[in-house]
Amino acid sequence: MVKSNQLGFALPIVLGVLALAGLSCATAWRMQWLNQEHLAVQSRLLRYQHTAEGVFPLVVEDIIGAIQQTAGAANLRNTAGDDLQTHVFFPNTLQERDKLQKRIGEAICQAGICAPKTLANWSAQQWHSFLGNAQTVRAVDLPHSDISAYYWVEVWLNAQHASSAAIAPVSPFIYRITVWVEDAPPLKADEGNRPLVIPSNRLVMQAIWSRADSISVNGQWHSWKLLA
């Protein structure tokens, strides 16, 4: 009778120990899964950041007109043209910036070139609404085929331009560059190359760059930050 009672007490104890062991294993598995997810997110963000950092030199080449054009074709992104033309461009003078603003009108940005009349510190979500007016980075210029990148360049007046003209001429403009990096959207097999519109992971980085003078190919980076 005593032995039977001992077995009766032992069974719940064993079941309790097994339950605790199972709970511990489940907790350990969950923690491992969370750590893996965290590492995956950090790895993806690092890929985005490295991609964005690689886009900034390409944007500078765009600003100074160093990007190769088709043989014999004028680089319209660095040429104002005449009053009959409507393309956007990077201005070299204050008069050209006025012309750029007239061409852009209320859109603020076109083809990645912006000339806003007032300073606005937009969030990443607000920049998202301007993706249709961004400049797309070519896939061949990106390190990963599963990532897309876009950028905008705001052309701002340089406050030091007027005061330093008599001493050491500087560029009349400062450029605030915003780079948007996201997962390249998947493609439907039955729709060729038309991308699906789905939410994407993304990173938005912003930096300020200025030229040594209005015609120099050299410049200086002043700051950078990530936009939320």
Side-chain angles (χ1 to χ4, degrees), residues 52-122 126-142 148-162 164-165 169-181 204-224 227:
E53 290 171 351
V55 169
F56 283 114
L58 298 177
V59 180
V60 171
E61 289 184 3
D62 192 15
I63 294 172
I64 65 178
I67 293 179
Q68 285 286 355
Q69 301 295 308
T70 304
N75 186 348
L76 294 181
R77 289 179 68 82
N78 299 94
T79 306
D82 56 40
D83 292 337
L84 297 178
Q85 294 177 292
T86 59
H87 65 276
V88 294
F89 60 95
F90 291 106
N92 291 312
T93 65
L94 299 179
Q95 292 76 15
E96 286 186 352
R97 185 175 184 272
D98 291 340
K99 180 180 291 188
L100 173 64
Q101 286 184 324
K102 290 180 181 178
R103 290 184 183 180
I104 293 178
E106 298 299 322
I108 300 179
C109 299
Q110 283 186 24
I113 300 177
C114 314
K117 295 180 173 63
T118 58
L119 177 64
N121 292 313
W122 293 320
Q126 288 172 306
W127 278 111
H128 182 267
S129 64
F130 287 99
L131 270 179
N133 294 324
Q135 182 74 352
T136 303
V137 181
R138 299 182 306 171
V140 295
D141 293 325
L142 296 174
S148 298
Y150 313 86
Y151 65 85
W152 303 265
V153 181
E154 297 172 79
V155 184
W156 290 104
L157 299 178
N158 187 349
Q160 299 178 353
H161 174 65
S164 64
V170 299
S171 170
F173 307 116
I174 288 179
Y175 305 91
R176 186 166 69 174
I177 303 168
T178 305
V179 175
W180 179 289
V181 178
V204 186
M205 184 179 289
Q206 198 171 71
I208 295 176
W209 183 79
S210 65
R211 300 174 77 162
D213 57 57
S214 60
I215 60 174
S216 175
V217 298
N218 299 315
Q220 179 181 359
W221 294 102
H222 297 275
S223 65
W224 71 273
L227 300 185

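Numbers here are sequence positions counted from 1.
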Q | Partners passing ring-ring contact (aromatic ring centres under 6.0 Å, His included) against Y175 (at least two apart in sequence or in another chain) | A | W209

Q. Could you go step by step and tell me if L119 and R176 meet the side-chain contact (heavy atoms from CB on, under 4.5 Å) rule?
A. CA-CA 11 Å; L119 177 64; R176 186 166 69 174; 3.8 Å; yes

Q) What pairs with F90 under ring-ring contact (aromatic ring centres under 6.0 Å, His included), at least two apart in sequence or on another chain? A) none

(Q) Holding to side chain to side chain donor-acceptor pair (under 3.5 Å), I want the full list of residues that pass it with N218, two or more places apart in sequence or in another chain. (A) none

Q: Tell me, with the steps shown, if D83 and K102 meet side-chain contact (heavy atoms from CB on, under 4.5 Å).
A: CA-CA 11 Å; D83 292 337; K102 290 180 181 178; over 6 Å; no

Q: Quick one: list whatever passes salt bridge (Lys or Arg N to Asp or Glu O under 4.0 Å) with D141, sequence neighbours left out.
A: R138

Q) Do you know the tightest heavy-atom contact between C109 and I104? A) N-CG2, 3.7 Å

Q) With distance as the sole test, does S171 use its side chain to make a donor-acceptor pair with the main-chain N or O of F173 at under 3.5 Å? A) yes

Q: Please list, chain by chain and in numerical order, all residues satisfying side chain to side chain donor-acceptor pair (under 3.5 Å) with W152, sequence neighbours excluded.
A: none

Q | Contacts of E53 that satisfy side chain to side chain donor-acceptor pair (under 3.5 Å) - sequence neighbours left out | A | Q49

**Q.** Value rounded to 0.5 Å, distance of CG in N121 from CG in L227
**A.** 9.0 Å

Q: Tell me, with the steps shown, if N158 and I174 meet side-chain contact (heavy atoms from CB on, under 4.5 Å).
A: CA-CA 5 Å; N158 187 349; I174 288 179; 3.8 Å; yes

(Q) To the nearest 0.5 Å, what is the distance between CG on L58 and OH on Y151? (A) 7.5 Å

Q | Partners meeting ring-ring contact (aromatic ring centres under 6.0 Å, His included) with H222 (sequence neighbours left out) | A | none

**Q.** Any residue meeting side-chain contact (heavy atoms from CB on, under 4.5 Å) with P116, in chain and number order, not counting sequence neighbours
**A.** I108, C114, E154, W156

Q. Does some side-chain heavy atom of Y150 sit less than 4.5 Å from a side-chain heavy atom of V179?
A. no

(Q) Any heavy-atom pair between the side chains of V155 and E96 that's under 4.5 Å? (A) no

Q | Q85: side-chain contact (heavy atoms from CB on, under 4.5 Å) partners, not counting sequence neighbours | A | L76, D82, H87, R103

Q. Can you name the nearest heavy-atom pair linking A115 to R97, along with the distance?
A. C-NH2, 4.2 Å

Q | Closest non-hydrogen atom pair between N78 and I63, with its separation | A | ND2-O, 2.8 Å

Q) Can you name the residues that form a side chain to side chain donor-acceptor pair (under 3.5 Å) with Q206, not counting sequence neighbours? A) T178

Q: Would you please name every residue forming a side-chain contact (heavy atoms from CB on, under 4.5 Å) with Q126, sequence neighbours left out?
A: W122, S123

(Q) Quick check for you: to the nearest 0.5 Å, what is the distance between I64 atom CD1 and N92 atom CG? (A) 11.5 Å

Q.
I'd like to check the side-chain contact (heavy atoms from CB on, under 4.5 Å) partners of A149; sequence neighbours left out, ordered by chain and number.
A. V55, V137, L142, V181

